[in-house]
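On a predicted model such as this, the values are computed, not experimentally measured, just so you know. Every chain is numbered from 1, with letters handed out A, B, ... down the list of sequences.
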Amino acid sequence: MAKHTGRGIAAIEYPTGMNQNGDPSQCWIKVKPDGRIDVFAGTADIGNGSKTIQSQIVAETIGVPYDWITYDNSNTDSSPVCTGTFASRATFVAGKAAEKAALQVKQKILEIAGKEMEIDPADLEIVDGEVIAKGAPQTKLGVGDVAAAATWGHGELITGTGAQLKPYAAIIDPETGEVDLPPHSAISYASCAAEVEVDDETGEVRVTRLQQCYDVGRALNPSHVEGQIEGGAMMGLGLGILENCYPYYPSVEHRGGAFGSYLAPGMEDMPQIDTIMIENPSADGPYGAKGIGEMANNPQPPAIAAAVYDAVGVWVTELPITPERVLRALEAKAEPTREGKKVVFDEELSVNAVSSGGMRFEVPA
Amino acid sequence: MKVVGARIPRYDGVAHVTGRTTYVDDVSVPGTLWAKALRSPHHHAGITKLDTSKAESMPGVHAVITWKDVPLLEYGHLSALGIPADEPLLAKDEVRYLGQPIALVAAESEALASAAVDAIEVGFEERPALFDIRQAFDSESPKIHQWGNWYPHFEGEMDVRQIRKGDIDRAFEEADTIVQGVYRPAAIEHAPIETQVCQVVPEPNGRLTIYSCTQALYFSLGVVAAHLQQPLNRFKLVGGTTGGGFGGKVDTATETMTCLLVMKANKPVKWRWTREEEFLCSSTRAPWHMELATAVTKDGWILGQKMLTLHDSGAYSRFSPYGLTKHSFHHTGAYSIPNLHFDGYVVYTNRTPTTAMRGFGVTSVSFAVETHMNRIANELGLDPIEIRLKNANRIGDTSPNGIAYTDPSTVETIQAIAQAIGHELPADYRTMTNEPRTGELLPEHLVSQVGSTEGH
Amino acid sequence: MNLTVNGVAHEVSGSELAPLLDVLREELGSMGAKAGCHQGGCGSCTVLVDGEPRRSCLLPAGYADGTQITTVEGLGAPEDLMPIQQAFVHYYAAQCGFCTSGMMLAAQAYLDRGGTDDPEAIQHALAGHVCRCTGYSKIIDAVAATARGDSFDLTTTAVGKHTTMANGGPE
Amino acid sequence: MAVASVASDAATEILMPGSEDEAIAAFGDGTEVVVVGGGTIVVPDMTYRRLRPAKALMLGNAGLSGIETDGSRVTIGAMTPVQALVDLKAPLGPCASNVADLEIRSQGTVGGNLCAGEGYEAPRGDLQGAFLALGATARSAAEGDVTEEPLEDFLAKRRERLLLSVSFDEPAAGAFAGLDRPHTHDYTALAVSGARAHDGTLRLAATGAGSWGARLPSAEAAAGDPAAAGEAALQDVTPHDDALASAWYRTKVLPVLVRRVLAELKESA
């Protein structure tokens, strides 16, 4: 038995929000007579933390404690439009709508507090649930008192609405792909180093360590961001060495219909995962956030492929890197075809290998 | 800044750990019927017979629906953008993948619903099925749809997504080395622990309350309303709490059909997919086929890249055209490549339709471009970290569609990983930043691609 | 069949071969155990049967006759969380939450049999439980901290074990 | 298609014997009887309507559980949970601990594992190889007649008889080598068990190289030369394709596992 270790790296980029934009999210907020805040949005929480993150944004923006917030994304009667939780957009796009709605609420609280306190609202701020005169912190009025005054005294409902929509970036030249506007919101970046152990007799690959660095824009809740990155790392590990709907691809035979035959990563597949977060704020996300939920499973597969090459000297370019693929590659010991300045790998996989008509991949030389 | 940036516990954390979070399957409405689907047993076949009368007459069976019951049979995932649809909600005269729904039954128990499905009489005429995307791509292969095997509705009714930038021929001519490779990541199951599920309850005022695990309440609301040709407020989607999604629960896979059953039975109906249905019939991440040829200089500059991408959409296009477009916009990865020639096709096969999944369109790029980059470094005998830093996106460099990057952090993230693994970098690489290219980092071939970041 | 669920006795008729999961959810309205696969493959339906963790989708209800069954609702209520529940909150060990009840019950059983904070032992004990969201590491941290007898501040969450915040982040 | 429903079938007659004798009587000649050990195989097969038995014989209260040692002779009741074996010596202990995860091992039984029908997607019967390598005997009943015979003979007719217990002599040395399988909700793709008896007899057996466990007599005969034994093992089995591994891969790796088992046996000698 011979086990070999190897390390490989990869660096990636990924856009936040829907490609080409044009995807609205909206939010509305009302304030109860005791100052507690009800947030309504249509952003599903699929584990991605919509409820938590948008509540944090609203609490921070208005200036009240987090536990004053109730967040209701439960139905389409009470919530305004949200395109949905996908495309790494829930924090960035829907969170921005929540921030905008909260700013309106804050402004209304300050206006009514100004009347109550007989101070210009511009000279007031909200800190930890209290409206405070700037420079004279002993002059203050609780947000609950302001909300009560609005309800019973001024006959007003304190509300705020926010809508976030970046215009759709159209492709104006389908020949070249030229667009009329930037087609992305923010772009985030990451790199990854993977360490593996490869058994050259059975072809088994174990990922032993993943070191990863993500530019998260701003970690609105670092524990949450870690969870996204760690969860993504395991999904990336699955993509790299385990998961495949069609084990005999392109054949559809023996497709697994159970967790016993479809290999989703389990706890014992876990490598050590080290995370470095860089905060390089986005220009227009809420508090500088970027969306990193999706990209979190992108850098591992190529880093693992390079680590396998480092360990046993073969490139496996069909995922996942199964024991069988490693053994077949070790057996074939394929070298690229070298002709002139061309170095051609994987000829047997190319469309050219099966083409009967004119559909070939031609490369100028 | 006390709340933002703080490690606040999850809003739903206590509910999760006490079993109080209510998922769709936990909603218990008395008298709810169970739904079950008749699914295609063939990868590709004509439907020669469909007779539901025996199933309908079984005691305890309250509704059976087929394509005839759907007001607008075809409404696509991208129809809201004005793009023609290609997938019927229920198969009409042809099935194009194994597991495609043909009819649904609502009955008083799950076992009875299954028995009623078995009682539906259906006949098929098998047709050849295509699974190898390279063969499906070939213009001489049998056709899966009448218009062929290529998705035909990109801008200008083109059947290919193109990117063209710079002068690709010159780049390959001037290259010292051209490295070619083929990259094929697999189809992946989203496998959230909660399977596809919905429950629809008829309200006394004629509205339908739809308990849904959708990732996108309003998107799904629009899809249901369009198929059923009803105003949006006929329906109340209740959800927002989803047991994992990863892209697969944007599909609105259950809601519309369950509404149709409810409208027929006038009773609440639940449709919960089994894990086996989830694995075998729900959409997957696509298998991709990517061919790359990269023109490089011996000191590691990337002059140009030619790429062919085939995106396996399975039997119907769903979100695949969106995914391929996103793929094309990001097909250079984290690097500035001045000369590009990209052709991408959404190709139909007789696989389960593929859809969005975490990293949609770009997970494939990351694998192809990064593995290729490691091969290039290896071929040239260069350090894989240094070659990346050299070609990394910087402020003012332009994307494949000519948009200037405003604040990329490729350089910084790579430097951080180099440091973490103890990889010693030469001083000029260690001190690099993302500032606009000058001097040695702005060779002649990169000058023309630099754009303006103003107004972005 | 006599099933005592979270201390409440129930008399249940029906097939002894029906999965306990279906009896709990559909006959007794106890929704804590989740139906993730009905194949024994995911662990989200795990309950304690006389204190032992069992996949309720695999266990014939007849085999639970006369036993004490604990579902997630039988751990602490929201105002009276058990240490393992507090740990899952403090360590941010749940995301979508669908695997959480099964995961916690398996963890509680591990702790009840004297399990330590050794990560490998925890991984081995919970190995058959699939979580698609978290990547497991925060779950292991939560179980380990509970095994150590830590107390948990529920107003905040723990700093990730292997995290570095670069360029002036909040930590 | 085979995507069936999650539904229990009320039509099945349930038999729950309270002793071994009652179990033997209830089993009768086995016609239309599906035997339920822990339920880990039968229950999901019924849920997915792959199995709709007329009668189900549930053995949970029939006794039949426990490990007894009489000198060097070990007897394991059919209803003993797989988990009870994990601390036994190789090959049985490591083989048992490689089965599924703790919860399933604690519910699934030795008898259920040994008598499992072919899996519809992957091989079942992970323990078969280990018991075959130990030269185990099976005590079983049908039509009231109780007999004990070599496990191999029993396995060939396991649908017609009710397994009561398995017995074997503690080996002088044992070894187990399986494919690394960290995601435990997964069957063994391929494993080899080996044991040397006190009289020097060497037995090797494989699980996962074919539909159920198989002795590797050609490999045993060539055991003096591990490389040759590994290749010889391929004459004894017909590897298959399934969701976990291809026949090609199993053919490549079976010799490796045989060599590893022989090396481990040599070390422990």
Side-chain angles (χ1 to χ4, degrees), chain A residues 44-49 52 65-67 209-216 218-238 243 256-281 293 296-297 300, chain C residues 36-44 55 57 89-100 103 106-107 110 119-143 154-171:
Chain A
D45 196 323
I46 62 173
N48 65 306
T52 313
Y66 172 74
D67 60 9
R209 192 173 184 189
L210 292 170
Q211 289 163 283
Q212 315 183 101
C213 175
Y214 283 82
D215 167 14
V216 305
R218 181 76 204 274
L220 303 191
N221 184 333
S223 294
H224 187 81
V225 183
E226 284 162 12
Q228 290 291 308
I229 290 173
E230 290 163 4
M234 283 306 276
M235 215 169 239
L237 184 149
E243 298 182 47
F259 279 111
S261 43
Y262 180 88
L263 307 184
M267 221 177 252
E268 291 186 302
D269 294 303
M270 266 185 68
Q272 181 178 326
I273 299 172
D274 305 85
T275 305
I276 303 164
M277 286 189 218
I278 288 179
E279 293 193 310
N280 178 27
N297 73 3
Q300 302 84 12
Chain C
C37 71
H38 271 99
Q39 298 167 328
C42 73
S44 64
R55 298 279 214 283
C57 76
V89 172
H90 182 69
Y91 278 89
Y92 221 100
Q95 286 185 27
C96 87
F98 207 80
C99 73
T100 305
M103 194 75 80
Y110 168 78
E120 274 188 34
I122 297 167
Q123 280 169 283
H124 191 62
L126 303 182
H129 287 253
V130 181
C131 172
R132 199 68 165 152
C133 296
T134 64
Y136 303 109
S137 101
K138 290 178 183 297
I139 294 173
I140 294 167
D141 290 349
V143 179
L154 297 187
T155 65
T156 185
T157 56
V159 178
K161 200 158 56 181
H162 299 292
T163 302
T164 315
M165 298 290 295
N167 69 348
E171 278 130 15

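Of the atoms belonging to A/Asn48, not a single heavy atom falls under 4.5 Å from chain C. Only the side chain of A/Met235 comes within contact range of chain C, with heavy atoms under 4.5 Å apart. When heavy atoms are compared at a cutoff of 4.5 Å, C/Ser137 approaches chain A by way of both its backbone and its side chain. In this structure, chain C has no heavy atom under 4.5 Å from any part of A/Gln212. Proximity to chain A is limited to the backbone of C/Ala158, based on heavy atoms less than 4.5 angstrom apart. Looking at A/Asp45, there are no atoms closer than 4.5 Å to chain C (heavy atoms on both sides), in backbone or side chain. Within the 4.5 angstrom heavy-atom criterion, only backbone atoms of A/Ile46 (N, CA, C, O) approach chain C.
The backbone N or O of C/Lys138 sits nowhere less than 3.5 Å from a side-chain atom of C/Tyr92 that would complete a donor-acceptor pair. Put simply, the side chain of C/Gln39 gets close to the backbone of A/Gly257: a donor and an acceptor are under 3.5 Å apart.
Taking all atoms of both residues into account, the shortest heavy-atom contact from C/His129 to C/Tyr136 is O-CE2, 3.5 Å.
Among the candidates C/Thr157, C/Thr134, C/Thr163, the single residue satisfying the side chain to side chain donor-acceptor pair (under 3.5 Å) test with A/Glu226 is C/Thr163.
Residues A/Gln300 and A/Leu237 form no side-chain contact, since every pair of their non-hydrogen atoms from C-beta on lies 4.5 Å or further apart. Under the 4.5 Å side-chain criterion, counting only non-hydrogen atoms from C-beta, A/Glu279 is not in contact with A/Asp215.
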